[in-house]
There are 2 protein chains.
Amino acid sequence: MKTEMNVPNLYQVKNFLLSLQDHLCKQLEQLDGQSTFLEDCWQREEGGGGRSCVLTEGKVFEKAGVNFSHISGASMPASATAHRPELAGRSYQAMGVSLVIHPINPYVPTSHANVRFFIAEKEGKPPVWWFGGGFDLTPYYGFEEDAIHWHTVAKNLCQPFGDDVYPKYKKWCDDYFFIKHRNEPRGIGGLFYDDLNTPDFDTCFNFTQAVGNGFLSAYLPIVERRKDIIWGDRERQFQLYRRSRYVEFNLVWDRGTLFGLQSGGRTESILMSMPPLVRWEYGYSPEINSPESKLYTSFLIKKDWV
Amino acid sequence: MKTEMNVPNLYQVKNFLLSLQDHLCKQLEQLDGQSTFLEDCWQREEGGGGRSCVLTEGKVFEKAGVNFSHISGASMPASATAHRPELAGRSYQAMGVSLVIHPINPYVPTSHANVRFFIAEKEGKPPVWWFGGGFDLTPYYGFEEDAIHWHTVAKNLCQPFGDDVYPKYKKWCDDYFFIKHRNEPRGIGGLFYDDLNTPDFDTCFNFTQAVGNGFLSAYLPIVERRKDIIWGDRERQFQLYRRSRYVEFNLVWDRGTLFGLQSGGRTESILMSMPPLVRWEYGYSPEINSPESKLYTSFLIKKDWV
């Protein structure tokens, strides 16, 4: 395994993650122009802790959460070693930044980004480590040019790492963010990767930095373009309704959320991803040929945007 | 096993369930006095179907769903035979009524009730069957007399079936409706039972009828007593916030919901239990000594109410 020949630099990764969190918060605050992030530092009894930053009641963002955590444990949790039995009994560290943004204006899509690093160690053995991450977009009212822009940024940041990187992680994203019980994608996708440890630490780390740093280039122009579109109760009701899909995905299918909640993670930080206000309606379906139905027919489909 | 000596009467059970659904809907409509139930009949490709009844925008009830389903399959689902390998490969039928009520007035508690019957058959073998069910109450603002009334009805309906029935099913309810990632009960409990097949079919069926019929005696007087209490934005906001706990329990922990969603059940009927409007707020905790904090300190605790 290639991993055994690399010495990962945890200090470097942590430093990047903390700077990334700062940078994300600053840029989002600047765009919002009204509200600021509140910072919550917390510790975890079993080891490690984090810094949760949340902005609420902004001018542009109804709720934005940017969470950093660095946790450690003396022994890998059972759920994490089920498909990697060779790691059982190892000590571990997991660190990452994850972000979810719920804008006010229904014409601005919700977005999610995450980068993470995991390392499992055992005395006398080489460490096993990997990176994961990605970002994806969940529009309420779709715009083709936004979808193309989003995926172009994703593709371009992947390009230096190989021609196959974007198609592979684009597909992984489509597969992962799929709401099986609705037979419906969560949004228009983006990038998703996990278990990344080849060809070497530096390349994986560089790629993860490119993903983390690329997010704002993908998202902010879309926010700028859509944040001042006039909207009314109709759009708001549809946005609140569609947010329930987000809740359903995160609580029923998202492995990270479920693992966190079931393994004693910090609930408030994990559920920072929940929308501020959500609506369920029995048997709703959009009027044929309405702007709402266009979301389903033209955006919530598997499609190559670039 | 006792079950092998009894011949369950499916027709009788189904008849009871359909009448129960009708009765529940009628009584709830009458109390609401404004809105009526809409009926949706549906069929399931793999076998069976159901009747979903939902009332929305009532005067008293913001949303009430009463669902009947009777589904069948040629072979028990893997998830259902994991802990009962002797049933693998059997054909099965499952039928039940389940109900969730989300009132408008935050002083009226949310409530849930369910009765169900399951039978697994194989040619040349006696059928294996069992009943399950119960009801539980989720107040936003607690009233001791309501909690006592609720549990008194529960206890009294159990009494004819033995002294140990109420304590056993009351505890089972407390254990089941517990939100582990919040370390918090969903509400003040009630009754919960499953795998009931002793001493014989008639007794189990009688008990299940007592539970189904008992629900309204437990719930309606509480609704009557609280539905006209004046409330404002403060109470509404707390209610919306607390409803997020209901969503979290149902989507993360409730076996019935998860089994349904993951096994291709009818999503809209399963998620009829979702509240119409829900709020999440990062890091909320009620003011000390406020009416909101009393919910946590005096009601969301394990307690013998009668």
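A, B, ... follow the sequence lines: proteins, then strands. Residue 1 opens every chain.
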Exercise. Sort out for me which of B:Val247, B:Leu258, B:Leu240 touches chain A most, counting heavy-atom pairs under 4.5 Å.
Key: B:Val247
Quiz item: Under a 4.5 Å heavy-atom cut-off, does chain A meet the side chain of B:Ile270, its backbone, both or neither?
Solution: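 When you check distances to chain A, no heavy atom of B:Ile270 falls under 4.5 Å.
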Quiz item: Heavy-atom distance under 4.5 Å to chain A: side chain of B:Val54, backbone, both or neither?
Solution: side chain
Self-check item: Point-to-point distance, once rounded to the nearest 0.5 Å, from CD1 of A:Ile179 to CG of B:Leu261
Solution: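 Here the interatomic distance stands at 11.0 Å.
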Is there any N or O donor on one of chain B and chain A with an acceptor on the other under 3.5 Å, and could you list each such pair with its distance?
unit_1, atom_1, unit_2, atom_2, d
B:Asp40, OD2, A:Tyr282, OH, 2.7
B:His181, O, A:Thr267, OG1, 2.5
B:Arg182, NH1, A:Glu268, OE2, 2.6
B:Arg266, NH1, A:Tyr282, OH, 3.0
B:Thr267, OG1, A:His181, O, 2.5
B:Glu268, OE1, A:Gly283, N, 2.6
B:Glu268, OE2, A:Arg182, NH1, 2.6
B:Pro276, O, A:Trp280, N, 3.1
B:Val278, N, A:Val278, O, 2.8
B:Val278, O, A:Val278, N, 2.8
B:Trp280, N, A:Pro276, O, 3.1
B:Tyr282, OH, A:Asp40, OD2, 2.7
B:Tyr282, OH, A:Arg266, NH1, 3.1
B:Gly283, N, A:Glu268, OE1, 2.6

